[in-house]
Number of protein chains: 6
Amino acid sequence: MPFPDLIQPELGAYNSAVETPGDFSAFWASTIAEARAIGGTVSMEPVASSLKAVEVFDVTFPGFGGHPVKAWLMLPTQRSGRLPLVVQFQGYGGGRGFPHEQLHWTASGYAYLRMDTRGQGSGWSTGTTADPVGSTASLPGVMTKGILDRHDYYYRRLFTDGVRAIDAMVAQDFVDASRIAVCGGSQGGGITLAVAGIDERVAAAMPDVPFLSDFPRAVAKAQRDPYGELVRFMAQHRDKKSQVFETLRYFDGVCFARQAKAPALFSVALMDDICPASTVYGAYNAYGGSDKTIHEYEFNNHEGGGPFQEREQMKWLGQRFGV
Amino acid sequence: MPFPDLIQPELGAYNSAVETPGDFSAFWASTIAEARAIGGTVSMEPVASSLKAVEVFDVTFPGFGGHPVKAWLMLPTQRSGRLPLVVQFQGYGGGRGFPHEQLHWTASGYAYLRMDTRGQGSGWSTGTTADPVGSTASLPGVMTKGILDRHDYYYRRLFTDGVRAIDAMVAQDFVDASRIAVCGGSQGGGITLAVAGIDERVAAAMPDVPFLSDFPRAVAKAQRDPYGELVRFMAQHRDKKSQVFETLRYFDGVCFARQAKAPALFSVALMDDICPASTVYGAYNAYGGSDKTIHEYEFNNHEGGGPFQEREQMKWLGQRFGV
Amino acid sequence: MPFPDLIQPELGAYNSAVETPGDFSAFWASTIAEARAIGGTVSMEPVASSLKAVEVFDVTFPGFGGHPVKAWLMLPTQRSGRLPLVVQFQGYGGGRGFPHEQLHWTASGYAYLRMDTRGQGSGWSTGTTADPVGSTASLPGVMTKGILDRHDYYYRRLFTDGVRAIDAMVAQDFVDASRIAVCGGSQGGGITLAVAGIDERVAAAMPDVPFLSDFPRAVAKAQRDPYGELVRFMAQHRDKKSQVFETLRYFDGVCFARQAKAPALFSVALMDDICPASTVYGAYNAYGGSDKTIHEYEFNNHEGGGPFQEREQMKWLGQRFGV
Amino acid sequence: MPFPDLIQPELGAYNSAVETPGDFSAFWASTIAEARAIGGTVSMEPVASSLKAVEVFDVTFPGFGGHPVKAWLMLPTQRSGRLPLVVQFQGYGGGRGFPHEQLHWTASGYAYLRMDTRGQGSGWSTGTTADPVGSTASLPGVMTKGILDRHDYYYRRLFTDGVRAIDAMVAQDFVDASRIAVCGGSQGGGITLAVAGIDERVAAAMPDVPFLSDFPRAVAKAQRDPYGELVRFMAQHRDKKSQVFETLRYFDGVCFARQAKAPALFSVALMDDICPASTVYGAYNAYGGSDKTIHEYEFNNHEGGGPFQEREQMKWLGQRFGV
Amino acid sequence: MPFPDLIQPELGAYNSAVETPGDFSAFWASTIAEARAIGGTVSMEPVASSLKAVEVFDVTFPGFGGHPVKAWLMLPTQRSGRLPLVVQFQGYGGGRGFPHEQLHWTASGYAYLRMDTRGQGSGWSTGTTADPVGSTASLPGVMTKGILDRHDYYYRRLFTDGVRAIDAMVAQDFVDASRIAVCGGSQGGGITLAVAGIDERVAAAMPDVPFLSDFPRAVAKAQRDPYGELVRFMAQHRDKKSQVFETLRYFDGVCFARQAKAPALFSVALMDDICPASTVYGAYNAYGGSDKTIHEYEFNNHEGGGPFQEREQMKWLGQRFGV
Amino acid sequence: MPFPDLIQPELGAYNSAVETPGDFSAFWASTIAEARAIGGTVSMEPVASSLKAVEVFDVTFPGFGGHPVKAWLMLPTQRSGRLPLVVQFQGYGGGRGFPHEQLHWTASGYAYLRMDTRGQGSGWSTGTTADPVGSTASLPGVMTKGILDRHDYYYRRLFTDGVRAIDAMVAQDFVDASRIAVCGGSQGGGITLAVAGIDERVAAAMPDVPFLSDFPRAVAKAQRDPYGELVRFMAQHRDKKSQVFETLRYFDGVCFARQAKAPALFSVALMDDICPASTVYGAYNAYGGSDKTIHEYEFNNHEGGGPFQEREQMKWLGQRFGV
């Protein structure tokens, strides 16, 4: 099966041509400051379940605009002291699902927060967080929402939610604020890069086959959606091409990666036709932290390393967080 | 090629089982009243173009929530007195496009208003009307926006825009308020039914292969999107089925048809796998007006009658409006 | 999206026409007896992992022909006394994967055995059990292996493995032999029915969207593989049709269901084009146990109830096993 | 895999509703008379080949309009006296190919004529016969050539070629004129029916999965081309539906079958989505000869019985022709 | 989405390797002379319609071989003096359709002739012109008609029709013979290049995403039909490759472009997988006229610039023709 | 249509990077010796058929492990003395079929043996040879059977069968042992290379579009199965990549070609997306015999030269074997 993008050794040598906007940091600093200024309260409701080994909480925290964002918090029933925290973000179309769907972080002794995705949560797992105003969770198709103005762009809201999730957890008495990790696959990997690039409290980042990275190359190499949403938008709005790419620079994983400092464990799949391998390397090679590693899965498409990579993550994070 | 739905004679005898909610009329009356109460002003900017035979205006009128909705108004350069008006709504994903893309109504002596579609206008023609807040025009995927509460549902906003378009035109000195027609294909046909069912000023309705009609049957018969968006939503939100269908009753073309009184010219395609033929007949047989006609296109899919039906419309409307 | 098979109320009333062969019970009794006569030993090697809440063992037990079959056994680290046991079988092409991939039974307090699938384990999860002689795990394509003689048919070996898995666990000191449940989806559901029909030690059966049931109808209704393997085989071997169906009677979920007595929780998906809904009802309506329930997922394809059904299972099994 | 059409017992009881036009026989009698009146000469050039067991001739005979039509004639090198003759027609898009591609009739002791297909011969085997004027062999797409007037329709020319092929052979000294068989699959089966219906010299007919039969039903049941060409034509020419079906009545295998008298061996495939099973039974049940047999292939698509049916044909024809 | 062909800067620098045959001009000069020698008369029947702003005429003129070719002529009702003329040719499979389907040229003050396409007119719009002998309009599939001899090739007839359309209009009293433009998309763009290369009366040419250009490269780069018809023909006729390409040199847009002198406005789409971008640049870079411009649509497939390009054309032609 | 691999001149210059294992010859020598040591008897049963020109025998000979392997032997009825022998192997999924399916070698005066394919024979032609133990003929899916150990790999058994077929024929009194040819297409071409590389009795080899050659490149260039089976296996078994390729080196057509000495006639198709052209050239350029020729089919996919190549083979082999 043909590789849809570069292979080694060209792949490893690839550097993205995306330029970080001069006001990139300022844009995000003011965005986060604005969200924090609105404030709001965090609620954590215990949830009854059959999962004896896990305590489950239904969390609502204030995200962008103070909008209520949902998450599941899961803590090992057997625990003592402050725990390291893993925050996970979801892939395109997905929501936080049910608590029992992913238990390996909690079973390994971590506090685990699974953040919902505003206005998605209907494509492959369920969610209940709205992207206001006037919308409950709906099917995806968010790549071009507000794309003609970076202040209106959907991902400004979603990335801010990611930082605000850490805000909501960092002060809890069961969390060790010095051991906070973020992770996620595909769109979740894109959010991981964004939060790691914005928020210095992140102590480890584990993006898998990250989406939302190196947009100009991605739209030309991806063979399937969601990048295709951008192509179809520009195919109709033939006169908006430069405006679209100008907005996207403020949301590009490559730009976030340049600002990030935390240890990072990436993964990439060489037959990935959704998030092309070079766009992942574009972020990886730009990544600012010195402790960085990437695992390659040569014959995998967008499913990437799957449970093989999860095993690597448990080992890698355990070493860094002393678990 | 197999027919995806009923054929004659069963087709013509089909009656939809959808029940009109008891507060259907009240819901829409209060919705329209609420929009009108917000008010707003109509602007009509002349547009320079090479189209000597047509005067073009860039119209902005207040729709649902007072949100600015765009439209093209086109008037024959050669005209005298008040003109009959044709208001056209767009299919799923489409916007108002460019003025020169459809000229046959103006060339036939009508005032012609081509309404934009909020939050769409990127799929097959361009648009610029946002579905606030925080969204410029984007790719489609609106079938499930706000679907868990009828007050939040996307089509509550879009259908209201259709009525407000007539509000914007009816008082203009070039319009003969007794000769207002609405038309459109697919989603445009669905809006046509809604506006004809809500607004008694409509004097003629011409829905082609209308979408958004007889939802319970449509989701079981349609083989392609957009009805599939509903199916995929319910496939994930397995516990929200009755809530979804309860909302949809307030937006069903069958219920609007029962309330409509204006003369109507429908079209239906028997190989239509997007808007199944029986769902069109569900609306047609329920249609309240006594002067109603339907043209069948046996071997057509969703393209329906195309230019053949346009010819029929020009003839049929000319007879009713004395043009 | 059209339903690929019967819907309600016809669906619930469907009874399979498959006739149980006169020597069905004898065939399986001698098959199991033969396997037990060959004997072999069970090994359970502790596996180091980061999953503190779970003890993991790499199990090898003697299956059909005494062939070594692999499984993961997982026990809650916090436990006391004999535990109820859940044995899970895999879908077509899948193997036992990694221990951390499914933890909710163990987190709920059960001993959990995840059996590998001989000669599969390469399609969507990994496995390492060979279907001798001369084969390590390979890609699927097993539906017609040995189909011309019921003694040679692949599923004779696989179903026997399922019974032998219980043999391997029942005498362990951490297992409560009166509380053994079997479960699985698709092919795993087919094995569940077979084991529940053969082995009276089974105290609860939870087949999801079961495969391998009501073959004559399944080959005519399924729109996708694996049932299509049978069709393609008979399309080439045009003269072997009756021989094929004669073999399949000995492996039909309907026949096993008639013999089964344990409480059962089924699930079925009405848009399932791999395991048609009527073939599931064929087994459900034939099921011999009086405590039986089925959950319908109207708008789902073969993914069925997914995590919704898992929640139902945890509740249902907890009630029956007092967990 | 779902059956695309009727199955037993409904299938066997199906009778086509196509009505034979009153002037059907007269139309074909005058068509053949007209072609014969134009006359022309038959040439038979010996061809050198490595096939020692077969003598090969490159035949050119006058078809419709006196146009030169090509064929391969193959005779067993070891022969004596007058031989029974098998004339074979080709499926859609195919031509006469190379002599060595099909040898089993000659190896069994028959004279064998493989007729080229005017204006086709480029889709799956090669041909060199033009459909004048101005065309050498080209890719297919002939279903709607001249369809608005039965005198212009492509198949008027092709069916006439089939009769003229017999004219060309019947007087040769190596042919036993009392033992002439015609055969072919798909389009070749359609020509077989036509020639058997027109020409009383035919002593045996062997149509396999015949195309061009029961058109009104065929366009509604076939899921793939070539019947789809008719659908697409009528989808554009929305006003020409009745004209199209009026023409097709003169070329319908059902009408030819009613006139045919020779012993016949049919085959039909129940998963055939190109030539639906009921349209084959429409011809078979209408077939006028009393010595008729049909073989069903339940799990086959349009490939039908393939070599299994060829074996049946060799046996069946050998019995009737004393070979 | 991957670009199916060269992108900038390689794209703009591409020059076709097709060599113009030595007798190219002579071949076309004699072809046109021969058609003119046959002569024939032009008829223009007024057509009643509801289009008050437009006068419509049903035109029949003698094309290649004197065969009757249809066209719609549309004139602005409000007009004075001789008008500039736009002649438009259709894309593959299309015919002249209905008069009301395209009105923007007439609305802008041009005489507008929409030429039918012999033997097509059934794929996406309707036509009624036959490609004699014995064929009314039929579905497409013309790429290989007569391809083994350049005198027989289908496009010899169609290109000649294009020149003869100008012959038919140039002497009319409403036409300004010094302001004749030709245009069309895809196949219509190919005809545009041919007519501009043959006929010096052409004063402006506007080919959009032209088809039939740089054949050797096109068959290797196009991913969809119609170029694939050539590939499939050569895949069967494995020994006719050089003969095919020899014929095609006489019909290659690159060769016509080298001879053309009129001002030209091209368009090209970089994601076009039907008419690859390099084959358009092959013609554009070879184009002989010095006043030439090309618009690129980077993210469009074969729909190209659509209404955006039409706006450009109205502006560009208005400047050159003083409209 | 884009070429899926290299074209000329790069294609002809391609050399495979596959390295022959040091113990390659030893591995195969011991494999064949082992099979011969097991022994077994050859049976040849005369088969009655209508094919007067051919004598047919149903052959069973001992293959790998002494397992019974089936074949058809066909001899010209008219013959004298010892005949040259053509042994043909089948493509993926195919079996020996029926005797009458391929007659041109026998009609040309050769003894012809058509070997069955163990454990296949259900995909496109029928077979009856099992791949023991416990399997009758089944659908394909053999590419990864036993792939983790070269002694277990499926193709070790199949290639050995090919050599043992010659063992079975070489001593028969109708065979001229100095004129033995092997041939086959796709998988049959792969077996041809293997047998020609192992067995010095082979006097001519005719591999068409051979499969199983240059595996590392093939898995990266092939767009369709069966090479994709390897990719999917490695996509799941992410840690077994080097083990897989290590096994495959012992079965690579390139390595066999390096050892082969007999005159050879290859064919290759440049649009082949199953067996990429470069992998065929990888074997061809490595081929050890000095009398070697290759025919290129530029516009063909995997069907390759078809009957055109068969004509070339009859001519080429006739020259070498004096037939």
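Numbers restart at 1 for each chain; the letters A, B, ... are given by sequence-line order, proteins then strands.
Residues V231(C) and M271(D) approach most closely at CG1-SD, 3.8 Å, considering heavy atoms. The shortest non-hydrogen separation linking M1(D) to G228(C) is CE-CA, 3.5 Å.
Taking the side chain as every heavy atom from C-beta outward, E298(D) and M234(C) never approach each other to under 4.5 Å. Between K221(C) and P2(D) there is no side-chain heavy-atom pair separated by less than 4.5 Å. Looking at F299(D) and L230(C), their side chains never come closer than 4.5 Å, going by heavy atoms from C-beta outward.
For D239(C), the parts lying under 4.5 angstrom from a heavy atom of chain D are both the backbone and the side chain. In this structure, chain C has a heavy atom under 4.5 Å from the side chain of Y297(D), while its backbone stays farther away.
With R238(C) contributing its side chain and G304(D) its backbone, the two residues share a donor-acceptor pair below 3.5 Å.
Other residues, nucleotides and ligands contribute over 12 non-hydrogen atoms within 6.0 Å of the CD atom of E246(C).
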